[in-house]
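Data first, discussion second: the structure below is written as structure tokens.
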Amino acid sequence: MIDNIPPCPQCSGEYTYEMNNLVVCPACGHEWVPAADGAGAAAGAEAEERVIKDAVGNVLNDGDTVTVVKALKVKGNPSGIKAGTKVRNIRLVDGVDGHDIDCRIDGFGAMQLKSSVVKKA
Ligand SMILES: [Zn+2]
């Protein structure tokens with residue numbers, strides 16, 4: 001049993017009740033699994049400790065200098081980024097599509113890279 005049944009997250013209805021490990025809201029019919037104590041906090045801590053590693057497993061940090069390990073195509077640039085290109089002062093981001101490094105590359109400007117294509121210099 002849950003001592004304190006939470007109000008409905010959908011309509012804030014207070015007349016919620018427990019049924020088979022679910023909490024049910026009679027006002028809007030919403031059913032959900034009540035969060036265990038501290039579950040939200042734990043998820044937050046996990047995000048905080050996200051570790052980004054380079055192609056060979058070195059942990060990357062903001063401000064690191066890395067080397068691109070393979071040639072990369074760049075939209076609108078015929079030559080692209082060559083393997084061995086040095087990238088200074090990277091910033092780790094939660095980018096889309098696994099692009100977790102924000103950086104500037106000489107001749108290309110600001111762009112995002114995947115940590116799997118760089119190696120810590
Ligand atoms: Zn509701």
Side-chain angles (χ1 to χ4, degrees):
M1 276 298 282
I2 308 170
D3 292 335
N4 238 329
I5 299 179
C8 175
Q10 200 138 289
C11 72
S12 317
E14 289 173 24
Y15 302 103
T16 51
Y17 58 91
E18 215 190 336
M19 190 180 72
N20 302 330
N21 296 327
L22 289 175
V23 179
V24 181
C25 171
C28 70
H30 185 54
E31 296 178 357
W32 73 99
V33 180
D37 273 347
E46 212 167 276
E48 201 68 41
E49 287 167 22
R50 199 167 74 103
V51 173
I52 295 177
K53 291 181 178 166
D54 69 6
V56 293
N58 293 314
V59 175
L60 296 172
N61 295 297
D62 284 349
D64 276 353
T65 297
V66 298
T67 307
V68 176
V69 296
K70 63 177 213 177
L72 302 171
K73 288 201 179 88
V74 177
K75 215 188 260 176
N77 184 300
S79 59
I81 298 169
K82 293 187 181 69
T85 301
K86 225 174 211 176
V87 184
R88 286 184 189 81
N89 199 17
I90 62 168
R91 203 164 59 84
L92 302 178
V93 294
D94 202 0
V96 287
D97 232 14
H99 290 77
D100 39 22
I101 295 175
D102 203 28
C103 60
R104 285 190 76 83
I105 298 179
D106 289 344
F108 295 94
M111 63 173 56
Q112 295 197 336
L113 296 174
K114 292 183 183 180
S115 53
S116 58
V117 302
V118 303
K119 204 171 81 140
K120 201 163 171 169

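Each ligand, and each atom within it, is numbered from 1 in the order the structure gives. Because only heavy atoms are used, hydrogens play no part in the values below, and waters and symmetry mates are left out as well, while side chains stay in.
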* Pair listing, side-chain hydrogen bond (donor to acceptor under 3.5 Å, both in side chains) test, anchored in residues 82-91, at least two apart ->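 Counting only pairs at least two positions apart or across chains, the side-chain hydrogen bond (donor to acceptor under 3.5 Å, both in side chains) contacts touching residues 82-91 are Arg91-Asp102.
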
* What's the spacing between Lys114 NZ and Leu72 CG if we round to 0.5 Å? ->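 So the gap between those two atoms works out to 10.0 Å.
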
* Taking only residues two or more places apart in sequence or in another chain, which ones pass side-chain hydrogen bond (donor to acceptor under 3.5 Å, both in side chains) with Asn61? ->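 Testing Asn61 for side-chain hydrogen bond (donor to acceptor under 3.5 Å, both in side chains), a comparison that skips the adjacent residues, returns none.
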
* To do: Return each pair, listed once, that meets ring-ring contact (aromatic ring centres under 6.0 Å, His included) where at least one residue sits in residues 5-30; pairs must be two or more places apart or across chains.
  =>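 Residue pairs with at least one partner in residues 5-30: His30-Trp32.
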
* Asked: So which protein N/O/S atoms does the Zn ion (ligand 1) have within less than 2.8 Å?
  ->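 Less than 2.8 Å away from the Zn ion (ligand 1) sit Cys8 SG, Cys11 SG, Cys25 SG, Cys28 SG.
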
* Strictly by modelled atom types, are Ser115 and Asp100 linked by a side-chain donor-acceptor pair under 3.5 Å? ->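 Judged by distance alone, the side chains do pair up.
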
* Asked: Taking atom NZ of Lys120 as the centre, does the number of heavy atoms from other residues, nucleotides or ligands within less than 6.0 Å exceed 12?
  ->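 Atom NZ in Lys120 is crowded, with more than 12 foreign heavy atoms closer than 6.0 Å.
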
